[in-house]
Amino acid sequence: MSSSINERITTIRSSLPPSVRLIAVSKKVPAEAIRSAYAAGIRDFGESRIQEAASKQAELQDLSDITWHFIGHLQGNKARKAIEQFDWIHSVDNLKLAQRLNELASQLGASPQICLQVKILPDPSKSGWSIPELLADLPTLNQYKSLQIQGLMTIPPLGLNDQEILNLFNRNRELAQEIQEQNWSHIQMQQLSMGMSGDYQLAVQAGATMVRLGTILFGDRY
Ligand SMILES: *Cc1c(COP(=O)(O)O)cnc(C)c1O
């Protein structure tokens, strides 16, 4: 099993432009599989539940150069743990959460790397800013100096065809460019966290800088 994780990682890594950061989404994956991915060269791991991540992180403490990415919906009452356990939070999806993270980061002397989650198309099943909401909140976000806001994260709604998904990812890149051109003092927009197992090639085509891959690396049955 570990050699097949190794093979899949090698194949996918070599198919990606070297500048694209490959985040192995290890939710539901046991610590041993994370070790296999680490042995194959992966240093970025994504988790979507704080508690599940904590026990694996404890088991993997010896792998001290892992960068942990939180990618799940984050509740306010888990915000402190998210800051303590993760280097990146890709799924900051509303202003209240951003404010809370900023306060906690300031108290903890931390400066987490942040992506703002946007819904390029309406999607009742997901959280995140709509484009107009995000643009309206930028002046406030720009005041959150303990956060290192680095870019945008997006997930397409279910049911789109490839062209529609590509358009959506392109729109996300354009939105990041528009915001970057506004020259905020505390908002950077260099990172585009987009692309999962089913659509990462489209995301890369549209300029993704980070892809979040689970199933295609670890298999359907973890
Ligand atoms: C689970 C998950 C992924 C990985 O999905 P796969 O389809 O297994 O590659 C990526 N991003 C987020 C936010 C996820 O929850």
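Every number for a ligand or one of its atoms is a count from 1 in the order of the listing.
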Under the 3.5 angstrom rule, does the side chain of [X] hit a backbone N or O of [Y] as a donor-acceptor pair?
X: Arg212; Y: Ser193; answer: yes
X: Gln85; Y: Ala82; answer: no
X: Ser197; Y: Ile216; answer: yes
X: Glu52; Y: Glu47; answer: no

Element-labelled atoms of ligand 1 that are located less than 4.0 Å from some non-hydrogen atom of [X]:
X: Leu213; value: 9 (O)
X: Thr215; value: 6 (P), 7 (O), 8 (O), 9 (O)
X: Ile155; value: 13 (C)
X: Ser197; value: 6 (P), 7 (O), 8 (O), 9 (O)

message: If we check side chain to side chain contact (heavy atoms under 4.5 Å, CB included) with Leu175, which of these qualifies: Gln177, Glu178, Arg173?
response: Glu178

message: Looking at non-hydrogen atoms alone, which of Arg212, Lys27, Met153 comes nearest to atom 14 (C) of ligand 1?
response: Lys27

- request: Return yes or no for this condition: an N or O of Gly214 is under 3.5 Å from an N or O of ligand 1.
  value: yes

